[in-house]
Amino acid sequence: MKLHNSYTNKVEDFKPIDGNKVKMYVCGPTVYDNAHLGHARCYITWDVLYRYLKFKGFDVTYCRNVTDVDDKILKKAESEGKTPEEVSTYWYQRFTESMNALNNLRPDIEPFATKTLGEMIGMVKDLIAKGYAYETNGDVYFRVKKFPHYGYLSKQPIDALESGARVEVGVQKEDPLDFALWKKDEKFGYKSPWGVGRPGWHIECSAMSRKYLGKTIDIHAGGADLIFPHHENEIAQSECANGCKFVNYWLHNGFVTINKEKMSKSLGNFLTIDDLLKNYDANTIRFFILTNHYRMPVEFSDEALQSAAAGVKRLLNAKPAKIDEGLNIEQFAEYKEFVDAMDDDLNTSRALAALFELTNKANKDIQGAYTVLFKLASVLGFTFEKQKLSEEELKSVINALNSDMGTNYTGMDEVIAARKKAREEKNWAVADAIRVGLDKQGIVLKDGKEGTVWELK
RNA sequence: GGCGACAUGGCCAAGUGGUAAGGCAGGAGCCUGCAAAGCUCUUAUCCCCCAGUUCGAAUCUGGGUGUCGCCUCCA
């Protein structure tokens with residue numbers, strides 16, 4: 001299996017440190033607001049990596065942190081008159097709901113920054129003891145110049161970074177490039193050897209990664225906007241504190257754009273996952289994301305989502321057959337193509353093409369095709385479960401139909417039986433009126449050889 | 001300014017030296033009472049432009065043009 005490593009900027013063979021065990025860390029959300037389509041892309045991408053690694057037989061430990069101590073959370077807490085805990089707890093729940101709605105698997109470990117403070121403080125102490133960090137007036141900073149590899153991940157020459165570095169007012173740094181490991185904060189802070197304060201964002205990930213996965217891990221992933229400074233700083237801190245390599249494979253996903261511009265909180269041009277789910281289902285959003293390679297930008301538009309909806313419908317509408325658990329799916333050419341594609345740095349668009357081949361074969365009743373399709377589609381996180389109507393929704397559909405047609409049906413079976421009778425009597429007016437009436441309620445009737453079935457549009 | 005990525009049919013998108021996957025949309029046919037779904041066929045002499053390397057390039061090299069991203073919080 002090959003993966004693109006941002007550190008070397010090359011596609012490399014993936015080899016875990018320890019046999020088939022894979023330690024994988026993904027930078028999780030800062031929980032202060034709604035997640036948007038950009039977050040959806042990131043977490044769907046790494047969900048697919050997680051699923052695929054497991055499918056390949058790796059023993060994966062997937063850790064995705066929750067940043068629950070941060071300026072933005074504090075600001076929100078102050079403006080809303082709440083405690084930071086209330087804000088982060090609320091938005092963490094929202095985030096979890098969004099992830100579930102998108103059918104993302106839960107990471108094996110979801111550590112909270114506020115629960116890993118001891119590890120962070122220990123790491124900062126180490127860095128000071130080793131001369132990589134210094135305390136000034138309650139703040140602690142990392143000496144960037146002490147780490148010779150600084151800038152390697154982001155491919156930034158250090159002098160270029162230096163000339164662009166901002167000098168904050170009222171901060172006593174030795175060098176403008178130095179970044180905060182610990183910030184004095186007497187209002188919301190925690191006790192530390194340097195007074196009351198809170199951790200810098202970067203040290204959080206370094207500490208959580210070390211605590212839950214170890215000093216050197218296989219994969220560290222996140223959005224490409226985290227390369228600088230976040231991941232660059234993580235490398236500096238971790239490698240100086242631990243005295244060994246931090247991460248073997250750095251993986252980064254591209255952005256979702258809208259009107260050719262990066263979708264982001266600060267630009268305000270974002271669509272929340274909740275809002276999207278009102279118009280499109282999880283399979284559609286996933287398909288939309290996976291039609292593009294994960295490192296390429298993806299341009300959002302309603303047209304693109306509608307196209308994705310039509311595409312995923314074809315896939316999931318494949319003619320069902322009994323799932324054959326004993327089937328050797330590896331003998332199928334499409335299986336091989338799927339694995340080849342995914343092994344090639346997660347080429348999901350090629351993998352999807354293999355799924356479409358299987359769909360075509362399943363529709364032609366070719367033995368086993370549906371089983372292979374079902375299994376491989378699950379690796380990409382698609383779910384074949386049809387959306388169902390609740391009793392109440394079904395009742396309101398029937399009621400609407402009755403009031404349209406002046407009838408008295410009590411259930412869908414009765415409606416279908418009535419239509420069957422009308423068709424047998426060649427009473428096309430009634431038969432078509434029922435179909436049109438249901439269509440208005442978002443229900444499609446399909447007349448097949450084995451009778452008529454209904455489903456949601 | 002520094003660093004990086006991308007440019008393939010109406011739209012999206014694979015393809016990194018041997019002659020253009022796949023999806024959406026469109027067209028024709030089959031099936032159907034008519035539909036829907038499905039099935040079959042069909043839609044790029046050509047891959048931003050120019051030059052070069054090669055028997056052969058969308059794919060390699062050089063030079064343009066255009067778009068985007070990072071360099072500040074950001075998935």
Side-chain angles (χ1 to χ4, degrees), chain A residues 6 9 11 26-30 32-33 35-46 64 70-72 75 151 154-166 168 201 221-230 232 252-257 260-267 270 287-288 290-293 295-299 301 303-315 317-319 337 341 344 347-357 359-360 362-365 422-428 431-432 435-436 439 444-449 452-455 457:
Chain A
S6 307
N9 208 12
V11 177
V26 171
C27 284
T30 300
Y32 72 102
D33 205 350
H36 61 68
L37 183 56
H39 302 102
R41 183 188 194 185
C42 173
Y43 300 122
I44 286 172
T45 298
W46 307 124
R64 186 181 64 204
D70 175 271
D71 282 350
K72 287 176 177 170
K75 238 178 236 168
S154 56
K155 315 285 179 280
Q156 294 286 331
I158 193 130
D159 49 330
L161 287 170
E162 200 154 26
S163 65
R166 294 191 176 183
E168 292 115 290
W201 176 38
D225 46 1
L226 298 185
I227 292 173
F228 191 90
H230 186 53
E232 196 74 72
H252 293 98
N253 63 279
F255 305 124
V256 175
T257 60
K260 293 247 173 177
E261 231 177 5
K262 181 186 169 188
M263 183 178 283
S264 73
K265 285 267 167 63
S266 41
L267 290 169
F270 59 87
F287 185 90
F288 167 69
L290 297 181
T291 45
N292 296 63
H293 186 86
R295 286 188 281 120
M296 297 289 107
V298 179
E299 168 77 4
S301 68
E303 199 196 5
L305 263 296
Q306 277 154 21
S307 167
V312 83
K313 192 175 163 197
R314 174 171 163 75
L315 221 50
N317 261 355
K319 193 173 170 186
E337 172 55 20
D344 182 16
N347 191 333
T348 48
S349 41
R350 248 176 79 202
L352 284 171
L355 260 39
F356 278 108
E357 296 290 327
T359 299
N360 182 260
N363 287 334
K364 287 192 278 192
D365 289 320
R423 290 178 70 209
E424 280 162 3
E425 291 165 356
K426 298 201 192 299
N427 188 348
W428 309 128
D432 291 351
R435 192 166 64 198
V436 171
D439 188 82
V444 186
L445 290 181
K446 293 181 172 178
D447 298 329
K449 286 209 173 90
T452 299
V453 295
W454 66 275
E455 60 187 46
K457 230 194 253 185

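Every chain is numbered from 1, with letters handed out A, B, ... down the list of sequences.
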Student: Under 4.0 Å, heavy atoms only, any strand: does A:G38 hit a base, just the sugar-phosphate, or nothing?
Tutor: base
Student: Please state how far atom CG in A:D225 lies from atom P in B:A5, giving the value in whole angstrom units.
Tutor: 17 Å
Student: Measure the distance from CD on A:E299 to C1' on B:G69 and round it to the nearest whole Å.
Tutor: 14 Å
Student: Output the rounded distance in Å from CD1 (A:I158) to P (B:C3).
Tutor: 15 Å
Student: Students often get this wrong, so: under 4.0 angstrom with heavy atoms, is A:L161 touching a base, only sugar-phosphate, or nothing?
Tutor: sugar-phosphate
Student: When all nucleic acid strands are considered with a 4.0 Å heavy-atom cut-off, which category describes A:A310: base, sugar-phosphate, or nothing?
Tutor: sugar-phosphate
Student: Of A:P29 and A:N9, whose closest RNA chain B nucleotide lies nearer the 5' terminus?
Tutor: A:N9
Student: Residues in ring pair (Phe, Tyr, Trp, His ring centres under 6.0 Å) with A:F255, at least two apart?
Tutor: none
Student: NA contact type, A:M263, heavy-atom cut-off 4.0 Å: base, sugar-phosphate, or nothing?
Tutor: base
Student: Give a yes or no answer on whether the side chain of A:N363 reaches the backbone of A:K319 with a donor-acceptor pair at less than 3.5 Å.
Tutor: yes
Student: Using a cut-off of 4.0 Å on non-hydrogen atoms, how would the nucleic acid contact of A:L226 be classed: base, sugar-phosphate, or nothing?
Tutor: sugar-phosphate
Student: So, using side chain to side chain contact (heavy atoms under 4.5 Å, CB included) as the criterion, who are the partners of A:E303 when residues are at least two apart?
Tutor: A:S301
Student: For nucleotides 31-41 of chain B, read 5' to 3', which letter fits each nucleotide if B means a protein heavy atom sits under 4.0 Å from the base, S means only the sugar-phosphate is that close, and - means neither?
Tutor: --BBBBSSSS-
Student: Regarding A:F288, tell me which of base, sugar-phosphate or nothing describes its non-hydrogen contacts under 4.0 Å with the strands shown.
Tutor: nothing
Student: Strictly below 4.0 Å, N to O, side chains only: are A:K72 and A:D33 in salt-bridge contact?
Tutor: no
Student: Look at all strands and tell whether A:F255 reaches a base, only sugar-phosphate, or nothing, counting heavy atoms closer than 4.0 Å.
Tutor: base
Student: Take atom C1' in B:A25 and the same atom in B:U42, then report the distance between them in whole Å.
Tutor: 14 Å
Student: Which of the following nucleotides, B:A21, B:C71, B:C11, is nearest to the side chain of A:R350?
Tutor: B:A21
Student: Could you tell me which nucleotide pairs with B:G69 by Watson-Crick or G-U wobble geometry, both distances under 3.5 Å, or answer none if nothing does?
Tutor: B:C3
Student: Need to verify one output field. Residue with the more 5' nearest nucleotide on RNA chain B, A:H293 or A:T30?
Tutor: A:H293
Student: What nucleotide, of B:A75, B:C24, B:A13, holds the atom closest to the side chain of A:S307?
Tutor: B:C24
Student: Look at all strands and tell whether A:P229 reaches a base, only sugar-phosphate, or nothing, counting heavy atoms closer than 4.0 Å.
Tutor: sugar-phosphate
Student: Answer with base, sugar-phosphate or nothing: what part of the nucleic acid does A:N347 contact at a heavy-atom distance below 4.0 Å?
Tutor: sugar-phosphate
Student: When you measure from the side-chain N and O atoms of A:N253 to the phosphate of B:A75, is any distance below 4.0 Å, counting only OP1 and OP2?
Tutor: no
Student: Which atoms form the tightest heavy-atom contact between A:H252 and A:S6, and what is the distance?
Tutor: ND1-OG, 2.7 Å
Student: Examine the base of B:C73 for any acceptor or donor lying under 3.5 Å from a partner atom in the side chain of A:K72, and report the outcome as yes or no.
Tutor: yes
